[in-house]
Number of protein chains: 2
Amino acid sequence: MQGYDKHAYELFAVTVDLAVLTVREGALHVLLVERGQQPYAGRWALPGGFLLPDESAETAARRELAEETGLGDVTGLHLGQLRTYSEPGRDPRMRVVSVAFTALLPDAPEPRGGGDAAQARWLPYDAAPPLAFDHGLILADARERVGAQLEHTCAATAFCPAAFTLGELQQVYEAVWGSTLDRANFRRKVLATPGFVEPAAGAARLTGGRGKPAALYRAGGATTLHPPLLRPSREGRSA
Amino acid sequence: MQGYDKHAYELFAVTVDLAVLTVREGALHVLLVERGQQPYAGRWALPGGFLLPDESAETAARRELAEETGLGDVTGLHLGQLRTYSEPGRDPRMRVVSVAFTALLPDAPEPRGGGDAAQARWLPYDAAPPLAFDHGLILADARERVGAQLEHTCAATAFCPAAFTLGELQQVYEAVWGSTLDRANFRRKVLATPGFVEPAAGAARLTGGRGKPAALYRAGGATTLHPPLLRPSREGRSA
DNA sequence: CCTCTTTATAGTCGTGGTGACTATTAAAAG
DNA sequence: CTTTTAATAGTCACCACGACTATAAAGAGG
C-alpha cells in the first residue's frame, strides 16, 4: 500500500461470481445461468455481476444471489468467500478481477431466469456442462472448499430446511463428498457433538416416507466440529 | 458476469497485501513496513502494493515479497491466498480492493527497507503496534488461517530451514498456536505421519546447543496430514 | 392378514490415535 | 563429578471410530 502517490496504478473491473449449491434428491446441484451475450453466448456460467461503487464484495454477492434466485430473503443465508481469481486473460474482453463466493441453500426453489441471463437453472454437479470463463475451475474449488467445511464445521445444516431428519443430513455429506457413510456411525457422531443438531419439538417425519418414521431435528448453535468429521478414503489412512 | 454490456460498471484500484510470517527464537514474527506518506504516515502496515496491468494477484504478491524482503529467490516460497478485503472506506482516499496473502518464511533475514517504505522490520506478533487501514484485521485473519493450516497440512516445514530438528518444528506449532505441546507426543505424531519429515543425511544438530544433540530432518513430500494434528483446548473437547 | 422390504434406532467389539506419564541417553554448565 | 538441559524411548488408559449385528416401525404386495 505504500508508494501510493509515486506509482501509476491501473484500475480494474471487479466482479463477484457465485457457486450456489444445494442438495436435491441426494445429489449435489449448482445454480447456473445461460449466457445471452458474447463471449461464451449460449454457454452456462456461474451467476454473478459487477461490483457497484459503494458495495463490498459480500454485499454484491448477496444482492446477486437475491436477484438470481428470486428469493426475497437472503439474510442469514450461508455465504462464504472462496477465493479471488485474477489471471490476466480470464475474460477475453478485458481485465476482470473476480471475487468468488460459495452459497449453501437449503431447498431448491426453481430460479426465475431474471435480468440479463437467458435462463437460470439448477443442474446436477456431476452432469454440469463445460462452463464459460474459468468458472469450471471456480466450481471445482467451491466443491472442494465446501467438502472441507463439512469436515470441520456444522455448515451441513445450511443445506437442510428448518426441520430435517438425520438421513437428510447424511445425504448432504454423501452428495458433497461423493462417498457413502455408515448410517449408525454417522448418527452416533452427529448426536455426540453438542450443539450440532437439536431435537425438533413436533416429533415424527414428513409424510409419505417408506420405512420407520425418523425423528426431526433442527440446527443447533454450534458452528465448529470438535473433533472433526473426516471424510473417508482420501488416501488409505483415516482416523 | 452476464449483463456486461448492459450495465455501467465501476473500475477499482486493486492491491495485494502480504502477511509475511516467520518464527524467530520461538516467537511468531511478522514483516511490517513503516509508512512514509499520508494517510497513516508513520504507522506500521503490511507490505503490499498495486497490481500491475498484466499481473495476477499471485504474481504481484510474489513480486512484492521479493521487493520487501530483498530475497532474490522467492520461487518455491510458501504463498497462499487469504481473503479479499473490499469494504468501502477501508482506504480513506479511494476505493481499493485488496487481495491478501499469507507468506511463510523459513528464516528471518533482516529486510532492507526498500523503495517507498520508511523502513521494514520483523516485529513480534504479540507486540505489534496498531496497523494502518484494516491491516490489523488482515493480520489476525492470517494467523488464524495459518494456525488452521498447521492442523491439516505439512505447512509447518515452510517455517523451517532446509534441515531442522523436531524441537524447531514443534516451536513453530507452539508459536503459531500460542500453546505448548508435549514433546514426546509431538515427536511420535510427526514421525508416524509418512512423508511429513525425512531424516537428513548428516546426522546431528547444529553446534552450540545445550542438551543432547537432536537429529536433523528435512521436509518430506507429503502436503496433507491424515489424521490431522489438532491444536489443544479450543474448547474442552479434543480428540 | 402375513410377510417382505425399507428405513430408523440401538448396541457391541476391536483397533488405533492420543494425552499423560515415566525412564534413559547425551551433551553443556557449574 | 554432579547438575542441568534437552532428545529419545517406552508405557498405559481412554475414547473416537470403523465394522458390524439386532431390533423397531412403517409401507408394499400377495
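All values below were derived from every heavy atom in this structure, side-chain atoms included, with hydrogens, water molecules and symmetry-related copies excluded. Just so it is clear: chains get the letters A, B, ... in the order the sequence lines come, proteins before strands, and each one is counted from 1.
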Mapping Asn185(B) and Gly167(B) onto DNA chain D by nearest heavy atom, which one lands closer to the 5' end?
-> Gly167(B)

First of Leu191(B) and Arg188(A) reached from the 5' end of DNA chain D, by closest nucleotide = Leu191(B)

OP1, OP2 of dT18(C) versus side-chain N and O of Lys189(B): anything below 4.0 Å?
-> yes

Check whether any side-chain N or O of Arg187(A) sits under 4.0 Å from OP1 or OP2 of dA10(C), and answer yes or no.
-> yes

Whole-Å distance between [N] [atom2] and [X] [atom1]?
X         : N       : atom1 : atom2 : value
Leu229(B) : dG19(C) : CG    : P     : 8 Å
Phe186(A) : dG11(C) : CZ    : P     : 20 Å
Glu168(A) : dA8(C)  : CD    : C1'   : 13 Å
Leu216(A) : dA8(C)  : CG    : C1'   : 12 Å
Phe164(A) : dT7(C)  : CZ    : P     : 20 Å
Gln170(B) : dA7(D)  : CD    : P     : 8 Å
Leu230(A) : dT18(C) : CG    : P     : 10 Å
Asp182(A) : dT7(C)  : CG    : P     : 15 Å

Let me have the donor-acceptor pairs involving side chains of residues 154-163 of chain A, under 3.5 Å, with sequence neighbours excluded, atom names and distances please.
residue, atom, partner, partner atom, Å
Thr157(A), OG1, Cys154(A), O, 3.0

For Gln170(A) and Asp182(A), work out which heavy atoms get closest and say how close.
-> NE2-C, 4.1 Å

The nucleotide from dA9(D), dT7(C), dA26(D) with an atom nearest the side chain of Pro213(A) is dA26(D)

State which of dT9(C), dA28(D), dT5(D) makes the closest approach to the side chain of Arg210(A).
-> dA28(D)

Going by atom types alone, do Asp141(B) and Tyr85(B) pair a side-chain donor with an acceptor below 3.5 Å?
-> yes

Please name all residues satisfying side-chain contact (heavy atoms from CB on, under 4.5 Å) with Arg63(A), sequence neighbours left out, ordered by chain then number.
-> Leu52(A), Glu55(A), Ala60(A), Glu67(A)

Tell whether Arg183(A) reaches the base of dA8(C) with its side chain through a donor-acceptor pair below 3.5 angstrom.
-> yes

Do Arg143(A) and Tyr125(A) have side chains that get closer than 4.5 Å, going by heavy atoms?
-> yes

